[in-house]
Amino acid sequence: MEKFMRHRGVAAPLLRDNVDTDAIIPSREMKRVSRQGLGEGLFAGWRYTLPGDRDPNPSFVLNREEYAGASILLCGDNFGCGSSREHAVWALQEFGIRALVAPSFGSIFYRNCIRNGILPVVLDRAAVEGLALWVQSDPRHNVLLIDLPAQSLTGADSYHFELEPGLKQMLLEGLDAISLTLQHEADIADFEARDQRRRPWIY
Amino acid sequence: MEHAQTLFEKLWDLHRVADLGGGEELLYIDRVFLHERTGSIALRGLSAAGRRPRDPERVFCTMDHIVDTFPGRTDQTLMPSGREFIVATREAAAGAGIRLFDIGDPQQGIAHVVSPELGIALPGATVVCPDSHSCTLGGLGALAWGIGSTEAEHAIATSTLRVTRPGTLRVNCRGTLAQDVGAKDLILHLIARYGTNGAAGHAVEFAGEAVAQLPLEARLTLCNMAVEFSAFTGLVAVDETTIDYVRGRPHAPSGEQWAAAEAHWRTLHSDPGARFDRELDIDCSVLGPAVTWGTSPEQAGGIEDPLPDPAKEVDPARRTSQARALAYMDLKPGASLAGTPIDAAFIGSCTNSRLSDLRVAAAYLKGRQVAPGVTAVCVPGSTQVKLAAEAEGLDRIFTAAGFEWRESGCSMCFYAGGETFGERKRVMSTTNRNFEGRQGPGTRTHLASPLTVAASACAGYISAAGRTP
Ligand code: SF4
C-alpha cells in the first residue's frame, strides 16, 4: 500500500451531500473481477454525457481545465454512503485521488479508504465550504497541502483534523492490515480456546 | 455483571480478542458470507497473496448479485461479462474449500436472506459480508456489518477484523403500528425524520413496544435499512420470537448445544438502566404507509403528504438536493404522490422478499389484476422462499394477477448493466435504495412496502391499499 506522509495537490470541489458509492462508480462500470481498470468509470454517470458513453460532460467539475490532475476532492456530507463496493475507492485511486475532505463519510467507505492508502479528512462543514469557496475564487490557488504527521490541511488558512492514531499509523507506513493482525496469532488462538468452551455451537 | 450493559456492548465484549491501541480493537468474526460480485475479488486477492481461509467451514458464498433471475437461467447473464464473475466465484470458492450456494442449489439466494434462514447467522454471532446490507442480520441479535473486499480478505485469513468501536444509539419505537403499516414504513419514516446521516457513527438498537411485536422477518427488514440511516449496524434484542425462529434451522445448534446456546441467547438484550450515547423516539401509532419521492432514502413521507417546495427550503444544501431530486423524479413541488402513474412494480430484494412479504402482497393481489401497461415482477429472496411460496400457491396468485414469478437473486434491485425497467420509467419498488440510476440509467425508483407496491401495481398509480383511491 502506498504510504501517505505529505501531499500537495489540486483540490476540486464536489460539495453534494450524500454522494453514494453507486455514483462514485456505477455498477455497470464494474465489469471485471479486478481491482484495476476502474478509473475510467469514476463518476461515470456525471462525468460523461450519456450512460455507457465516454463523451466528457464539460460542466462536471473533474472535466474542467482548472481542476486537471486533481488529487484532492472537497466533498459534501456523508460522502461514500451506500453500497460497500471497494471499487469506489479503487476508482478514485486509479484516477489519482489521494485525499478526500468532507464533514462526514459513509463508515464502510471510510474504512475502505484507509485500507487502500487514501486519506479521508473530516472537517466541519463551514471549513469544507470555506475551502471550496477559496479554491473556486481563483484557479491559481487551487492547491492544498496536507501534512499527515501534523494532521493539518492548508489552503488560505490552516486546519487541524482528527484521525484515530492506529489508522494514522497504517497510512503513514503503508501497512498491510493482515500481516499486522497475523502477529496477534497467539491472542486469536487463546480467544478461540476460551470461546470454544463458552460458545461451542459457533465452531 | 458489574454495570448495566447495552446489547451492543455485550456483543462487542464477547468478541474482543485484543486491544490494538490507537482506537482499534481486534474482534473475532464468527461467520463470513460472500457473494459473486465482491466476494470473487476477495477470494482471488487472498489466494494471490498465498493465504488460505483460517477456517473454511465458517465461510460461505452465494450467487445473488449478477446471476439472472429468469426461469431456466444459466451462467450466461444479461449483464455483460457477468459470466466472468460467476465462473471466477465458482473456481475461487472451490479453491478455498468453502460452501457455495450456486445456481441450481436449493439453498441459493440473496446472502442476507439465506444466512438467517439456514441458521448460518445466529443470535450473538459476528457476521460480516462485503455487502452493506449485512446489518439485516441484526434483526436476529447478530452483530453484523458490511465491509469492503480487502477487509473480507482479512476476515477470511484471520477470523478477525480490526474495528473502531462506534457509539450506541437506541431508537425507542413507541406505540403500536397500524395493521397495514409494517417495518418498511417504520424505517422509511424514521430516516425521513432524522435524515440519512441520523445514526452516523453509531450502532442502533431498535427497541420499544412496536419492535417487540414485530415478527422476526420484519425485524430483518427494519435492520436491513440501518445502513441507509448511516448506522454502523442495526440490532434488535433476542426474545422468544428470535429463539422460535432459529430453532430447527439447518445450521443452528441442536441437542445439548441448543440448550446452552438458548441460555446464552437469552442474555442478549440491553440491561435495564443501560446507558446509550444517544436516544431517539418515534411514535409508531401515528405512522401510515410510507413512500420515497426523491433520490435519497430520507426523501420520504406519507403517500398523501405534499412534496416539498425547494423555493421554501431555507438550508441551501437541502434546497439544491430537493430540486435535483424532484427534477430527476419528474415531480412537482406541493403535489402529493398519491395518484402518480407508474410503469412498473418490483417486489424483491434483501429488504422485502421473504415469505411473509410475499404473503402480504399475495393476500392483496388475490382476485385482482395488475393495471394495463404496468410491468410487475416478483423475485423471491431465496430458492427456499420460492419453494415455500409455491407450496402455498402464492406463485399462482402472483402470476394470475399479472406478475412475473422469478428465480431468486438481487435482480432489479440494482443495475449492473443488464436488466432494467428502462429510462424515465417510474417504479414502485420494495428495495432499499432510490439513488439516481440505481435501477438503471434514468430509472425513477419509489421505495415502499410490499403491500403498497402490490396496491400501486393494481391501481396503475401510487396508492396505499385501502387508504387512498
Ligand atoms: S438485494 Fe439489493 S440491496 Fe440486497 S444485497 Fe442484493 S443488490 Fe444489495
Side-chain angles (χ1 to χ4, degrees), chain A residues 15-18 20-23 26-35 45 50-52 76-78 81-87 89 104-109 111-112 115-116 125 164-169 176-178 180-182 184-185 187-188 190-192 195 198-203, chain B residues 17-18 20-24 26 28 30 37-38 40-41 44-45 49 51 80-81 84-85 88 122 124-125 130-132 146-151 153-154 157-160 162 164 166 196-197 200-201 230 232 253 257 260-261 264 296 317 320-321 414-417 433 435-438 441-442:
Chain A
L15 287 193
R16 271 179 217 180
D17 287 342
N18 300 315
D20 55 82
T21 52
D22 280 62
S27 280
R28 60 175 185 276
E29 297 290 343
M30 294 157 50
K31 294 172 191 152
R32 302 257 96 92
V33 185
S34 170
R35 298 166 181 242
L50 289 170
D77 219 7
N78 207 17
C81 61
S83 156
S84 65
R85 61 187 69 169
E86 200 163 321
H87 306 69
V89 173
S104 69
F105 292 93
S107 72
I108 305 172
F109 177 81
R111 294 196 300 272
N112 286 341
R115 296 287 177 248
N116 287 278
R125 197 181 184 99
E164 291 288 352
L167 305 184
K168 178 177 172 181
Q169 207 59 26
D176 168 38
I178 300 183
L180 275 187
T181 298
L182 288 173
H184 289 270
E185 175 54 36
D187 292 329
I188 300 171
D190 270 1
F191 177 92
E192 283 174 336
D195 196 45
R198 187 175 56 171
R199 302 185 309 150
W201 59 88
I202 289 296
Y203 297 87
Chain B
V17 173
L20 300 169
E24 283 191 302
L26 195 62
Y28 198 74
D30 298 326
R37 192 163 69 142
T38 55
S40 45
I41 294 192
R44 272 198 181 174
R51 292 182 172 126
S81 77
E84 183 187 331
F85 284 82
L122 292 169
D131 191 284
S132 57
I147 56 177
S149 301
T150 304
E151 293 217 304
E153 279 183 48
H154 189 290
T158 69
S159 295
T160 65
R162 312 169 74 92
T164 309
T196 48
N197 227 352
S230 297
F232 172 78
Q257 284 202 352
H264 168 68
S296 161
T320 319
S321 71
F414 81 112
Y415 175 70
R433 290 196 172 132
F435 301 155
E436 278 184 29
R438 172 75 179 180

Checking side chain to side chain donor-acceptor pair (under 3.5 Å) for the pair B/Asn197/A/Ser104: CA distance, chi angles, key distance, verdict?
-> CA-CA 9 Å; B/Asn197 227 352; A/Ser104 69; 3.2 Å; yes
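- The candidate from A/Arg85, A/Glu192, A/His87 with the greatest count of non-hydrogen atom pairs under 4.5 Å with chain B is A/Glu192.
- Contact between A/Arg199 and B/Ala125 at its shortest, heavy atoms only, is NH1-CA, 4.3 Å.
- If you measure heavy-atom distances from A/Asn116 to chain B, the contacts under 4.5 Å come from the side chain alone.
- The backbone N or O of B/Thr150 sits less than 3.5 Å from a side-chain atom of A/Glu86, completing a donor-acceptor pair.
- Between B/Ser132 and A/Gly82 the shortest heavy-atom distance is CB-O, 3.5 Å.
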Decide yes or no on salt bridge (charged side-chain N to carboxylate O under 4.0 Å, His left out) for B/Glu153 and A/Arg35, but give the supporting numbers first.
-> CA-CA 14 Å; B/Glu153 279 183 48; A/Arg35 298 166 181 242; 2.6 Å; yes
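- With a 4.5 Å cut-off on non-hydrogen atoms, B/Tyr415 touches chain A through its backbone and its side chain both.
- Both the backbone and the side chain of B/His154 come within contact range of chain A, with heavy atoms under 4.5 Å apart.
- Residues A/Arg32 and B/Phe85 approach most closely at O-CZ, 3.3 Å, considering heavy atoms.
- Atom NE2 of B/His264 is separated from atom CD1 of A/Ile202 by 7.5 Å, given to the nearest 0.5 angstrom.
- Taking chain B as the reference chain and counting heavy-atom pairs below 4.5 Å, the highest number among A/Ala23, A/Gly166, A/Gly45, A/Ser27 is found for A/Ser27.
- Each of B/Gly146, B/Pro253, B/Pro441 has some count of heavy-atom pairs under 4.5 Å with chain A, and the biggest count is that of B/Gly146.
- Of the listed residues (B/Leu122, B/Thr158, B/Thr38), the greatest number of heavy-atom pairs within a distance under 4.5 Å of chain A belongs to B/Thr158.
- When B/Gly23, B/Ala317, B/Ser149 are compared by the number of non-hydrogen pairs under 4.5 Å with chain A, B/Ser149 comes out ahead.
- At a threshold of 4.5 Å between non-hydrogen side-chain atoms, the residues B/Val17 and A/His184 do not count as touching.
- Residues A/Arg111 and B/Glu151 approach most closely at NE-OE1, 3.2 Å, considering heavy atoms.
- Note: B/Ala261 leads B/Ala18, B/Ala261, B/Ser296, B/Ser321 in heavy-atom pairs under 4.5 Å with chain A.
- For chain B, the option among A/Val33, A/Asp187, A/Ile108 with the highest count of heavy-atom pairs below 4.5 Å is A/Val33.
- Between chain B and the residues A/Asn78, A/Asp176, A/Thr21, A/Asn112, the most heavy-atom pairs under 4.5 angstrom are made by A/Asn78.
- Put simply, CG on A/Leu182 and OG1 on B/Thr160 are 8.0 Å apart, with the number rounded to the nearest 0.5 Å.
- Both the backbone and the side chain of B/Ile41 have a heavy atom closer than 4.5 Å to some heavy atom of chain A.
- In this structure, chain A has heavy atoms under 4.5 Å from both the backbone and the side chain of B/Ala260.
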Would you sort out whether B/Leu20 and A/Thr181 count as a side chain to side chain contact (heavy atoms under 4.5 Å, CB included), showing the intermediate values?
-> CA-CA 9 Å; B/Leu20 300 169; A/Thr181 298; 5.5 Å; no
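- Within the 4.5 angstrom heavy-atom criterion, only side-chain atoms of B/Ser230, from C-beta onward, approach chain A.
- Contact count against chain B (heavy-atom pairs under 4.5 Å) is highest for A/Pro200 among A/Pro200, A/Ser107, A/Cys81.
- Ranked by non-hydrogen atom pairs under 4.5 Å with chain B, the options A/Leu15, A/Asp17, A/Asp22 are led by A/Asp22.
- At a 4.5 Å heavy-atom cutoff, the contact between B/Gln257 and chain A is made by backbone and side-chain atoms alike.
- Taking the charged nitrogens against the carboxylate oxygens, B/Arg433 and A/Asp20 have no contact shorter than 4.0 Å, which rules out a salt bridge.
- In this structure, chain A has a heavy atom under 4.5 Å from the side chain of B/Glu436, while its backbone stays farther away.
- Per-residue counts of heavy-atom pairs under 4.5 Å with chain A were compared for B/Gly148, B/Pro166, B/Gly417; the largest is that of B/Gly148.
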